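Remarks on the structure that follows.
Source: prediction; values computed, not measured. Quick note on labels: first sequence line is chain A, next is B, and so on, each numbered from 1.
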Amino acid sequence: MVGFSFDNYQRNQFLTAKGYPVPTATATGTTIVGCRFDGGVVIAADTRATEGDIVADKNCEKLHRMSPSIWCAGAGTAADCEFVTQLISSTLELHSMSTGRAPRVVTCLTLLKQHLFKYQGHIGAYLIVAGTDPTGPKLFSIHAHGSTDVGYYLSLGSGSMAAMATLESKWKKSMTKQEAMELCAEAIEAGIWNDLGSGSNVDMCVMEVDKPAVLYRNYRTPNERSTKEKSYVFARGTTAYMSERVRPTVKPLAYDIFEETVSSTGGGESMEIDG
Amino acid sequence: MSDPSSINGGSIVAMAGKDCVAIACDMRLGMQALTVSNDFPKIFQYNNSFIGLTGLGTDVTTLSEVFRYKVNMYNLREERDIEPETFANLVSTTLYEKRFGPYFVGPVVAGINSKSGKPYICGFDLIGCINFAKDFVVGGTSSHQLFGMCESLWEPDLEPEDLFETISQALMNAQDRDALSGWGGIVYVITKDKIVKRLLKTRQD
Amino acid sequence: MNGISVDMKALKKGEVNLGTSIMAVTFDGGVILGADSRTTTGAFIANRVTDKLTQVHDTIWCCRSGSAADTQAVADIVKYHLQQYSVLYEKPPTKVAAGLFQELCYNNKDALTAGIICAGYDEINGGEVYSIPLGGSLHKQPYAIAGSGSTYIYGYCNTRFKSNMTKDEAVDFVKGSLTEAIKWDGSSGGVIRMVILTKQGVERLIFYPDEYQKDY
């Protein structure tokens, strides 16, 4: 039950050999950035998910919570980002419950990089990991093969060049929270406008030392859809149908709950259990 | 040559309305250009959750059985019905388990949460990445056409009867421009206390 | 592909590379490690301020070249073993660290792209440099150069290296060599980082392009 199943692998290889290409998974053609400031760190992402050249989701969430004060922005294969992030965040929670301490960003980073290295790049998750812990604000990036980088400002994904151009020209050491937030939003917008794989809105998460992390869902919405001039609702009865069946929704299952009390037969020695 | 998920053909669409959701599919099963059956529905109901499965026919059938088994086990273990949100996560993890040997499907889930009464729809890619949508989700060989139809026809807060017209027209007009979909259509309109299933009168070519 | 054989090219596609210029030099009283700071994915500079000089024990460090993921994983494992070693026995000699690197790189040579220079200082042996190139062999050398940029500076280093240099001479030697490597190698660049390991402990240096390129 644990780990991946390769049941369909041979069948799919056969199909591939026959000339059927494997369909593409949702890749978050993405722009994600992270930036440190005095007393904290901020990460941001765009909200477009693509399947090939189709926009699969116009407002998806690329910011993942690893622990209350550690957040992760993901680029690459959307499913891989989602699941690797869920797996490690539950490992982190168990770890913090057993140690009685809040998880550290480096712990999160190490768990992620060792997991990704084990899969040799086949799990296509490219992550920016950020957060605060007793050792201060931290900002890292991880590539799918398991390599990590440290930085004051980072960008990843197909829009990383556009974002990095903004960061390289406007970043300065020692910024306020507001300055860092605006810089990140601007870097993501550079991706939204100039990278075809990125689009829609800006999501942001701000993590400050000794404060709860704040998620700004749709911090900027520069691509809001205008309301339609005209309604395209069809007149009722437009669609012809041949048969109709109406049923009530399924009622909650009526289970009988039995209660049984087991007691020893009393008198003399109590019954020996477990030998 | 085409990819595995367009050998058999088929399309799915789900939409959210005002306190209601609708999910619709075509009825075709083919082998490339040859139509084999016009009675291959792709929507399956588990408790009050609905899933539309498009893609490789064998995987559609296999997965529908897998989900039947898993939902039955859930019912026995939890002694309650599965909510659409929970079911969506079940679908997601089931697909991701086969990350490196996937089922060639594009599922769509629809339902109404029995506690909150809120409509719920979502879509997936073949390895289980959930696409949470507020408006509509599509899948299958005519997904391109469906995206266009839904993007222009859908509007917020449609009543069940209006939602039926919108989803039906979206599906029918999309599949008329897809050689691999069509040959009938089924629409489910789901409200908190009632499920209406209609068999559409469509072109048979 | 038939499901049994594995395509190595596909396996390593899009990997982060340390197209690198690294070196380590012994001198009178210790050892210096030096590296550029560029990491690339294809033609894109993924990080221009990378730290390729990695600590595996108090005064045992390594220079990493090749795959960033592979060399980080190897260095992490060596670091773990050396910590274990120092708790159980004593401060590890540089040779032990180099041996660990060699063992990992040799046993996993089919899966790794790692060219490592391990250098360290200890009271008994003084400063030592060990080179572990791609196949996983181990070479003790007075000085070592590695990475894509090193090819350009074999002659430069060979004529200029002297044994038992002073610290300042050694720093100039490393700086001069890496400046040339960075100049000629497109995959090397950024700042020059150095770590000096002596009886006194660890000293870190950084040289910015404005300084090391001032003579051009």
> Does CZ in Arg217(A) sit with more than 12 non-hydrogen atoms of other residues, nucleotides or ligands closer than 6.0 Å?
Replying inline: yes
> Is the Phe164(B) to Tyr241(A) ring centre distance short of 6.0 Å?
Replying inline: yes
> With side chains defined as the heavy atoms from C-beta onward, is the minimum distance between Gln86(A) and Thr93(B) less than 4.5 Å?
Replying inline: no
> Which pair of heavy atoms, one from Thr191(B) and one from Thr249(A), lies closest together, and at what distance?
Replying inline: O-CG2, 3.5 Å
>> Give me the atom names and distance for the closest heavy-atom approach of Thr166(B) to Phe234(A).
In response: CA-CD1, 4.5 Å
>> Is it true that, when you exclude Glu93(A) itself, more than 12 heavy atoms of the residues, nucleotides or ligands shown sit nearer than 6.0 Å to its CD?
In response: no
> Do you know which two heavy atoms are closest between Tyr20(A) and Pro4(B), and how far apart they sit?
Replying inline: CB-CD, 3.7 Å
>> Under 4.5 Å from any heavy atom of chain A, what part of Leu158(B) do you find: side chain, backbone, both or neither?
In response: side chain
>> With rounding to the nearest 0.5 angstrom, report the NZ to CZ distance, Lys197(B) to Arg245(A).
In response: 4.5 Å
> Which heavy atom in Ala235(A) sits nearest to a heavy atom in Glu165(B), and how many Å separate them?
Replying inline: O-CD, 3.8 Å
> Do Arg236(A) and Glu159(B) meet the salt-bridge criterion of a basic N to acidic O distance under 4.0 Å?
Replying inline: no
> So does Asp135(B) pair up with Lys58(A), basic N to acidic O under 4.0 Å?
Replying inline: no
> Between Asn131(B) and Ala56(A), what is the shortest heavy-atom contact and its length?
Replying inline: OD1-O, 3.0 Å
> For atom CG of Leu196(A), is the number of surrounding heavy atoms from other residues, nucleotides or ligands below 6.0 Å larger than 12?
Replying inline: no
>> Heavy-atom cut-off 4.5 Å, strictly under: side chain, backbone, both or neither for Phe147(B) against chain A?
In response: side chain
>> With heavy-atom distances below 4.5 Å as the criterion, would you say the side chains of Asn8(A) and Phe104(B) are in contact?
In response: no
> chain B heavy atoms under 4.5 Å from Glu244(A): which part of the residue, side chain, backbone, both or neither?
Replying inline: both
>> Can you confirm whether more than 12 heavy atoms, excluding those of Phe6(A), are under 6.0 Å from its CZ atom?
In response: yes
> What distance separates Ile195(B) CD1 from Arg247(A) CZ, expressed to the nearest 0.5 Å?
Replying inline: 8.0 Å
> Which region of Thr227(A), side chain (C-beta onward) or backbone (N, CA, C, O), has a non-hydrogen atom less than 4.5 Å from a non-hydrogen atom of chain B, or is it both or neither?
Replying inline: neither
> Under 4.5 Å between any side-chain heavy atoms of Asn12(A) and Lys98(B), yes or no?
Replying inline: no
> Side chain, backbone, both or neither: which part of Ile112(B) has a heavy atom under 4.5 Å from chain A?
Replying inline: neither
> So, Lys228(A) side chain and Trp154(B) main chain: donor-acceptor pair closer than 3.5 Å or not?
Replying inline: yes
> What part of Ile127(B) lies closer than 4.5 angstrom to a heavy atom of chain A: side chain, backbone, both or neither?
Replying inline: both
> Between Thr238(A) and Gln169(B), is any side-chain donor less than 3.5 angstrom from a side-chain acceptor?
Replying inline: no
> With side chains defined as the heavy atoms from C-beta onward, is the minimum distance between Arg11(A) and Leu56(B) less than 4.5 Å?
Replying inline: yes
> Are Phe132(B) and Asn59(A) side-chain neighbours, meaning at least one heavy-atom pair lies under 4.5 Å?
Replying inline: no
>> Would you call the rings of Phe100(B) and His122(A) parallel, tilted or perpendicular, taking 30° and 60° as the class edges?
In response: perpendicular
> Relative to chain A, which segment of Thr58(B) carries a heavy atom at a distance below 4.5 Å: side chain, backbone, both, or neither?
Replying inline: side chain
> With a cut-off of 6.0 Å (strictly less than), are more than 12 heavy atoms of other residues, nucleotides or ligands near NZ of Lys201(B)?
Replying inline: no
> Is it the side chain or the backbone of Ser92(B) that comes within 4.5 Å of chain A heavy atoms, both, or neither?
Replying inline: both
> Quick one: does Arg99(B)'s side chain get under 4.5 Å of Ile123(A)'s, heavy atoms only?
Replying inline: no
>> Tell me whether the count of non-hydrogen atoms from other residues, nucleotides or ligands lying under 6.0 Å of NE2 in His115(A) goes above 12.
In response: yes
>> Please classify the contact of Ile130(B) with chain A as side chain, backbone, both or neither, using a heavy-atom distance under 4.5 Å.
In response: neither
> At a heavy-atom separation under 4.5 Å, does Pro102(B) approach chain A through its side chain, its backbone, both, or neither?
Replying inline: both
> With only heavy atoms counted, which part of Phe4(A) is less than 4.5 Å from chain B, the side chain, the backbone, both or neither?
Replying inline: both
